[in-house]
Amino acid sequence: MKLFLDTANIEEIREINRWGVLGGVTTNPSLVAKEAEDPDRVWKEILAEVDGPISLETTQPEADGMYEEGVRLSQMADHAVVKVPMTPDGLMAGKRLVADGIRINVTLVFSPAQAILAAEIGAYIVSPFIGRIDDVASDGMEALRKICDIYEVQGYETNVLAASLRHPMHIVDAALAGADIATMPYSVFKQLVKHPLTDLGMDKFLQDWKALQEGLEKGA
Ligand code: G3P
């Protein structure tokens, strides 16, 4: 399972990219708006920093406008992936973009039924929003498991990207469900690496090493 960052903040992306595990980046209009800068500038910086797929989201609500915007976004770089929403207009625009050979990510997906539609238009990525399903007292992980099972049974090649992930166990459970990609905020990425026993173990190793050096210096 590839690990993506769900952010438009270049400093966060640069820090995690140095770890060597960053497979790509997803952005959305809310995340880009948080940066309060020219969106093209924000996207170009991200595209220059990370080699993997970078999702750039359309904001035109109607199919024709969304298609034109999608073509423009796809031309920003070969690794740009165009996000379209799971709406009738999103399906229409998405289908045209796919026919042009453009990779699309169908976003705002909340059910297996919607995920089937995304696969049927030949989407490169489908993005079920796990945390937001949980927010309405439904089971986001169960929806993800069903989507992964349906894609397996049907032989769909669309990549399942678990989105709206809120904590490390969401990533673990998404991997168990068979998701191809998990995208997460910077804070969750940082939590993934943390374990109190790792910190305690590190402290003890360093203490013992220091004691050894001190003992050797005294004996010399
Ligand atoms: O980028 C799409 C999705 O990951 C958003 O997550 O936390 O706003 O529900 P969230």
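Since the structure is predicted, the reported quantities are computational estimates derived from the model, not experimental observations. All ligand and atom numbering here is 1-based and tracks the order in the structure.
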Original post:
Do Thr26 and ligand 1 have an N or O pair less than 3.5 Å apart?
Top reply: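 By distance alone, the answer is no.
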Original post:
Is any N or O atom of Thr183, backbone or side chain, closer than 3.5 Å to an N or O atom of ligand 1?
Top reply: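 The answer is no, given that Thr183 and ligand 1 share no N or O pair closer than 3.5 Å.
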**OP:** Count the heavy atoms belonging to other residues, nucleotides or ligands that lie under 6.0 Å from CZ of Arg14, then report whether that count exceeds 12.
**Re:**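 Yes, the 6.0 Å shell around CZ holds more than 12 heavy atoms from other groups.
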**OP:** May I ask you to decide whether Asp38 forms a salt bridge with Lys44, counting only side-chain N to carboxylate O separations under 4.0 Å?
**Re:**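 Salt bridge between Asp38 and Lys44, a charged N being under 4.0 Å from a carboxylate O: no.
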Original post:
Should Arg145 and Asp173 count as an ion pair when the cut-off is N to O under 4.0 Å?
Top reply: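 No salt bridge links Arg145 with Asp173.
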Original post:
Under the side-chain hydrogen bond (donor to acceptor under 3.5 Å, both in side chains) criterion, do Tyr156 and Glu120 qualify, and how do the steps go?
Top reply: CA-CA 8 Å; Tyr156 287 141; Glu120 285 293 330; 2.6 Å; yes
What residue and atom, counting heavy atoms only, is the protein's closest point to [atom], and at what distance?
{"atom": "atom 6 (O) of ligand 1", "result": "Ser164 CA, 3.4 Å"}
{"atom": "atom 7 (O) of ligand 1", "result": "Arg166 NE, 3.5 Å"}
{"atom": "atom 4 (O) of ligand 1", "result": "Asp6 OD2, 2.6 Å"}
{"atom": "atom 2 (C) of ligand 1", "result": "Phe129 CZ, 3.3 Å"}

Original post:
Can Ile133 and Asp139 be said to form a side chain to side chain contact (heavy atoms under 4.5 Å, CB included), step by step?
Top reply: CA-CA 6 Å; Ile133 297 175; Asp139 189 340; 5.9 Å; no
Original post:
Which is closest to atom 9 (O) of ligand 1 in terms of heavy atoms, Lys83, Arg132, Met184?
Top reply: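 Looking at heavy atoms only, the winner is Arg132.
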**OP:** Tell me, with the steps shown, if Asp89 and Leu91 meet side chain to side chain contact (heavy atoms under 4.5 Å, CB included).
**Re:** CA-CA 5 Å; Asp89 284 278; Leu91 289 171; over 6 Å; no
Original post:
Hey, is Glu57 one of the residues with a heavy atom under 4.0 angstrom from ligand 1?
Top reply: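 No, Glu57 has no heavy atom closer than 4.0 Å to ligand 1.
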